[in-house]
Novice: 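Handing you a structure now.
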2 protein chains.
Amino acid sequence: MSLRFALLGLLAVEPGSGYALTQRFAQSLEKYAWHANHSQIYPELNKLAGDGLIEVIAEGARGSRTYAISDAGRDALQDWMLSPTRDSRVRSEEILRMFMLSALEPPLAQDLLRGYVERAARQRDEIRAIVAHIESEEDASSPTQFGRFAAEFGVRQYDAFLEWARWALARIERFQAEAGQGSGRGKRPSTTQ
Amino acid sequence: MSLRFALLGLLAVEPGSGYALTQRFAQSLEKYAWHANHSQIYPELNKLAGDGLIEVIAEGARGSRTYAISDAGRDALQDWMLSPTRDSRVRSEEILRMFMLSALEPPLAQDLLRGYVERAARQRDEIRAIVAHIESEEDASSPTQFGRFAAEFGVRQYDAFLEWARWALARIERFQAEAGQGSGRGKRPSTTQ
DNA sequence: CTGCGCATGTAAAAAGTTACATGATTGG
DNA sequence: CCAATCATGTAACTTTTTACATGCGCAG
């Protein structure tokens with residue numbers, strides 16, 4: 001169901017073709033919220049059009065069709081937005097890898113974490129540059145709003161991740177130092193079966 | 001593929017049955033990293049055992065089997081951790097809804113956002129309580145580390161979200177104030193209300 | 001005149017969800 | 001003894017991924 005509403009939401013902001021939507025998906029949604037390939041997007045657009053939630057408002061070169069959301073579509077989107085979120089689950093292979101670090105030997109985990117930190121910092125800086133660019137355009141019209149929201153979200157997300165990663169590094173280090181000292185104050189599980 | 005490694009990672013920290021793993025999934029992974037139902041977990045455990053990556057180390061009441069990761073499993077997990085992440089995409093219906101807010105009328109978007117802020121703040125406080133509890137146990141053994149990492153991540157994640165939401169609220173407000181004056185840009189969808 | 005990007009599709013396979021199904025054990 | 005929870009599974013369906021497939025239009 002989410003794919004439908006992702007498409008309706010994108011079309012509510014601005015009309016576009018399947019091709020354009022595929023790109024907008026990749027630009028603003030896939031890193032934080034949802035992702036879909038064109039092979040899933042095209043059939044879903046046809047279904048949405050069949051249900052009268054979107055309409056073809058223009059046909060261009062190479063058989064391209066520009067869709068716009070219909071009034072019924074806007075209603076459906078709003079209903080969905082007002083309905084309770086029944087799924088608060090998240091899928092992210094990157095975060096999964098973070099958590100799995102605790103299964104590795106501490107030195108290896110630290111190495112990996114440091115690499116992640118570096119890449120995350122670089123990516124955050126890239127988004128910051130995008131934000132600066134959008135901001136300089138000074139165009140507060142709807143279409144850019146969407147990307148602006150996503151970009152701001154991304155910056156804050158990366159910042160939070162970086163803080164967490166640094167905290168995790170420090171914790172692993174501390175844990176390792178304690179373990180290295182034979183008689184620590186921490187409990188020794190020894191024969192815990 | 002991710003499910004395999006999520007299970008291997010959990011078993012690398014501590015052995016457990018399919019039932020126990022289902023619960024650990026729901027506790028520490030599903031809100032931030034990955035989720036799976038028992039109907040997906042049990043068959044995957046059988047496959048992992050068939051591939052020699054995990055082993056049954058105990059059988060208990062009600063036909064329960066406790067699995068532990070094998071040396072081959074540990075190697076497979078490590079290989080995966082060291083391999084480049086080829087998928088940096090995220091799926092989260094909640095975040096999707098956030099982004100779709102820009103498709104709604106500003107006052108409605110603000111109402112919804114305020115509701116989200118309230119719930120997020122409550123959830124963050126709940127995790128903080130869990131963190132405080134884990135911290136008070138003073139038990140630095142591996143099994144708890146996992147949940148501790150996830151909880152810390154959750155707190156920072158919620159904090160970042162809350163900051164973003166407040167920023168978004170302020171921005172919508174400003175945008176609305178500007179639109180209220182002469183600076184009419186963008187389309188105005190029927191003020192028929 | 002050719003290669004790249006635009007533009008749309010379908011099919012098969014894998015992954016994930018929901019529903020159905022069963023039985024054991026334990027606490028009240 | 002009854003309800004809740006433990007514990008495992010399969011089947012049908014939906015969603016998502018990967019691969020295959022085709023053709024137009026433009027810039028160099």
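Chain letters run A, B, ... following the sequence lines, proteins first and then strands; every chain starts at 1. We use all heavy atoms of the structure for the numbers below, so side chains are in, but hydrogens, waters and symmetry mates are not.
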Novice: Taking CG from L21(A) and P from dC6(C), how many angstroms apart are they, rounded to a whole number?
Specialist: 14 Å

Novice: In terms of relative ring orientation, are W80(A) and F5(A) parallel, tilted or perpendicular, with 30° and 60° separating the classes?
Specialist: parallel

Novice: Separation of W34(A) atom CH2 from dT16(D) atom C1', in whole Å?
Specialist: 10 Å

Novice: Do any side-chain nitrogens or oxygens of Y42(A) fall under 4.0 Å of OP1 or OP2 in dG9(C)?
Specialist: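 Negative; the distance criterion is not met.
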
Novice: Would you call E93(B) and R86(A) a salt bridge, using N to O less than 4.0 angstrom?
Specialist: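 Yes, charged N to carboxylate O under 4.0 Å.
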
Novice: Between A61(B) and S2(A), just flag the one whose closest nucleotide in DNA chain D comes earlier from the 5' side.
Specialist: A61(B)

Novice: Which nucleotide in the set dT15(D), dT8(D), dG16(C) lies at the smallest distance from any side-chain heavy atom of M1(A)?
Specialist: dT15(D)

Novice: Rounded to the nearest angstrom, tell me the gap between atom NZ in K47(A) and atom P in dT8(C).
Specialist: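 Answer to the nearest Å: 18 Å.
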
Novice: Are R91(A) and dT15(D) close enough that a side-chain N or O sits under 4.0 Å from OP1 or OP2?
Specialist: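 Indeed not, no polar side-chain atom of R91(A) lies that close.
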
Novice: Between dT5(D), dG16(C), dT17(D), spot the one nearest the side chain of L3(B), thanks.
Specialist: dG16(C)

Novice: Counting only side-chain heavy atoms from C-beta out, which of dT15(D), dG16(C), dT8(C) sits nearest to Q40(B)?
Specialist: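 My answer, after comparing the listed nucleotides, is dG16(C).
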
Novice: At 4.0 Å (heavy atoms only), tell me whether N46(B) reaches a base, stays on the sugar-phosphate, or touches nothing.
Specialist: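 Here N46(B) touches the backbone only, sparing every base.
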
Novice: Checking side-chain polar atoms at under 3.5 Å, does Y67(B) have a donor or acceptor matched by the opposite partner on R65(B)?
Specialist: yes

Novice: Need to verify one output field. Residue with the more 5' nearest nucleotide on DNA chain D, R89(B) or G18(B)?
Specialist: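 Residue closer to the 5' terminus by nearest nucleotide: G18(B).
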
Novice: So which nucleotide from dG9(D), dT17(D), dT17(C) ends up closest to the side chain of N37(A)?
Specialist: dT17(D)

Novice: Grab the CG-C1' distance between L7(B) and dT8(D) for me, whole Å please.
Specialist: 15 Å

Novice: Using whole Å, report how far CZ of F25(A) lies from C1' of dT8(C).
Specialist: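 Between C1' of dT8(C) and CZ of F25(A): 17 Å.
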
Novice: S39(A) has a side chain; which of dT18(C), dT10(C), dG23(C) sits nearest to it?
Specialist: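 Output: dT10(C).
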
Novice: Looking at the rings of W164(B) and Y116(B), which for Trp means the six-membered one, are their centres under 6.0 Å apart?
Specialist: no

Novice: Pick the closest DNA chain C nucleotide for D87(A) and for S17(A) by heavy atoms, then say which residue is nearer the 5' end.
Specialist: S17(A)

Novice: Give one of base, sugar-phosphate or nothing for R4(A), where a contact means two heavy atoms less than 4.0 Å apart.
Specialist: nothing

Novice: Kindly point out which of dC6(C), dT25(C), dG9(D) is positioned nearest to the side chain of H38(B)?
Specialist: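 Of the candidates, dG9(D) comes closest.
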
Novice: Check this for me: does any side-chain nitrogen of one of D159(A) and R128(A) sit under 4.0 Å from a carboxylate oxygen of the other?
Specialist: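 Salt bridge present between D159(A) and R128(A).
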
Novice: Specify the separation, in whole Å, of atom CD of E93(A) and atom P of dT17(D).
Specialist: 12 Å

Novice: Mind checking whether F149(A) and W167(B) have ring centres under 6.0 Å apart?
Specialist: yes

Novice: For dG9(C) and R65(A) - does any side-chain N or O of the residue sit under 4.0 Å from the phosphate oxygens OP1/OP2?
Specialist: yes

Novice: Assuming nearest nucleotide by heavy-atom distance, tell me which of A36(B) and Q23(A) is located more 5' along DNA chain C.
Specialist: Q23(A)

Novice: Only counting residues at least two apart or in another chain, list the ones meeting ring-ring contact (aromatic ring centres under 6.0 Å, His included) with Y42(B).
Specialist: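 Expected list: H38(B).
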
Novice: Provide, to the nearest angstrom, the distance between the CZ atom belonging to R62(B) and the P atom belonging to dT8(D).
Specialist: 10 Å

Novice: Given axes from five pairs at either end, by how many degrees does the helix from dC1(C)-dG28(D) to dG28(C)-dC1(D) bend, rounded to 10°?
Specialist: 30°

Novice: Answer whether the closest heavy-atom distance between the side chains of L8(A) and R74(A) falls below 4.5 Å.
Specialist: no

